[in-house]
Amino acid sequence: MDNIFTRTGFEVPEQVRRFLQGESETGLRIEEYRDGTTLVVRTDLPGIDPENDVDITIADDALHIEARREDPGHRDRPGYRSELRYGVFSRTVPLPRGAAPEGVQASYVDGVLEIRVQVPDQPGPAATKIRVSRGGYQPPEPPQSPESPQSL
């Protein structure tokens, strides 16, 4: 795609170019796991100021993360090329029932935002095996009353 624009001399805005190349994602990619009774959510956010560029909230049993990365403003320099994403990025992570919003801790080390949420120690729901049948859906046959004759 870059080659087409370079050969024609046609300059395309960065966001349009990225969209055409399939980079239209505005969500944060996360890593999520349990560490005992703590839910850990991590996301890579290099080059931001965590105190000014990140908002973390809990509402409606969900953790909301929003981050902003400002364009450095040197796009007009010769040879400029960037694969970094700029703008506002967000992600909502559902929290387990009973998660404590007052026990949330967030840290930012080496470009990685880590959020730790205390969750109750709950056993997971019991697994229910579902039988798979061949063919289409077949509704269950209605029960027959003892007085009704059975047809053959």
Side-chain angles (χ1 to χ4, degrees), residues 1-140:
M1 187 70 63
D2 280 337
N3 197 13
I4 292 172
F5 297 132
T6 304
R7 281 188 279 148
T8 62
F10 184 67
E11 190 156 329
V12 176
E14 184 75 12
Q15 289 179 329
V16 173
R17 182 190 62 79
R18 287 176 184 239
F19 175 75
L20 293 173
Q21 291 178 330
E23 298 178 26
S24 61
E25 182 180 322
T26 59
L28 293 170
R29 293 182 182 200
I30 64 165
E31 175 179 70
E32 176 181 346
Y33 60 92
R34 284 274 188 110
D35 183 11
T37 59
T38 303
L39 174 67
V40 180
V41 179
R42 296 167 40 106
T43 185
D44 290 338
L45 290 171
I48 63 151
D49 177 359
E51 294 170 350
N52 296 314
D53 297 337
V54 176
D55 293 319
I56 301 169
T57 57
I58 292 183
D60 303 323
D61 295 325
L63 173 69
H64 306 281
I65 308 166
E66 184 175 283
R68 294 166 294 286
R69 179 179 298 128
E70 298 297 322
D71 184 339
H74 49 258
R75 291 176 181 251
D76 56 347
R77 293 190 180 165
Y80 176 80
R81 180 174 186 270
S82 176
E83 293 183 3
L84 299 177
R85 297 183 305 155
Y86 298 101
V88 177
F89 311 99
S90 63
R91 183 71 180 256
T92 298
V93 179
L95 293 174
R97 201 171 295 171
E102 58 278 348
V104 176
Q105 296 178 340
S107 62
Y108 181 80
V109 177
D110 295 333
V112 178
L113 176 68
E114 181 176 287
I115 304 164
R116 300 178 79 78
V117 181
Q118 294 301 310
V119 294
D121 190 18
Q122 308 170 337
T128 303
K129 182 154 176 79
I130 308 298
R131 188 177 74 79
V132 178
S133 64
R134 293 186 184 264
Y137 172 74
Q138 296 176 1

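Fair warning: this is a prediction, and the values are worked out from it, not measured in the lab. All heavy atoms count here, side chains included; hydrogens, waters and symmetry mates do not.
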Which pair of non-hydrogen atoms, one from A99 and one from P101, has the smallest distance, and what is that distance? O-CD, 3.2 Å
Interatomic spacing from CD1 in I48 to CG in L113 - rounded to 0.5 Å: 6.5 Å
Any Lys/Arg nitrogen of E32 or R34 sitting under 4.0 Å from an Asp/Glu carboxylate oxygen of the other? no
Quick one about H64 and T92 (side-chain donor to acceptor, distance below 3.5 Å, no hydrogens or angles considered), yes or no? yes
What are the two closest heavy atoms between A100 and V117, and how far apart are they? O-CG1, 4.3 Å
Are the side chains of V119 and T38 in touch, meaning some heavy atoms are under 4.5 Å apart? no
Is D71 reaching over with its side chain to a backbone N or O of G73, donor-acceptor style, under 3.5 angstrom? yes
Hey, what do you get for CD1 (I58) to CD (E102), rounding to the nearest 0.5 Å? 8.5 Å
Nearest atoms (heavy-atom pairs only) where R116 meets V40: NH1-CG2, 3.2 Å
Distance-minimising heavy-atom pair for G98 and P120: O-CD, 3.3 Å
Are I65 and D55 side-chain neighbours, meaning at least one heavy-atom pair lies under 4.5 Å? no
Does Y86 form a side-chain contact (heavy atoms from CB on, under 4.5 Å) with R68? I'd like the steps, not just the answer. CA-CA 7 Å; Y86 298 101; R68 294 166 294 286; over 6 Å; no
Taking T43 for the side chain and R29 for the main chain, is one N or O donor matched with an acceptor at less than 3.5 Å? yes
Over 12 foreign heavy atoms within 6.0 Å of CG, D110: no
How long is the span from the CG atom in L39 to the CG atom in L63, to the nearest 0.5 Å? 7.5 Å
Distance in Å, R91 CZ paired with I56 CD1, rounded so as to fall on 0.5 Å steps: 14.5 Å
Between the CD atom in E66 and the OG1 atom in T57, the distance rounded to the nearest 0.5 Å is 8.5 Å
Taking side chain as C-beta onward, heavy atoms only, is R69 less than 4.5 Å from P46? yes
Would you say that more than 12 heavy atoms from the other residues, nucleotides or ligands in this model lie under 6.0 Å from the CG of N52, or not? yes
More than 12 heavy atoms from other groups under 6.0 Å of CD on E114: yes
Hey, could you give me the CG/CD distance between D44 and E31, rounded to the nearest 0.5 Å? 8.5 Å
Examine distances only and state if a side-chain atom of Y108 and a backbone atom of V54 form a donor-acceptor pair shorter than 3.5 Å. no
So, is the end of the R85 side chain (NZ or CZ) under 6.0 Å from the ring centre of F89 and within 45° of the ring's axis? yes
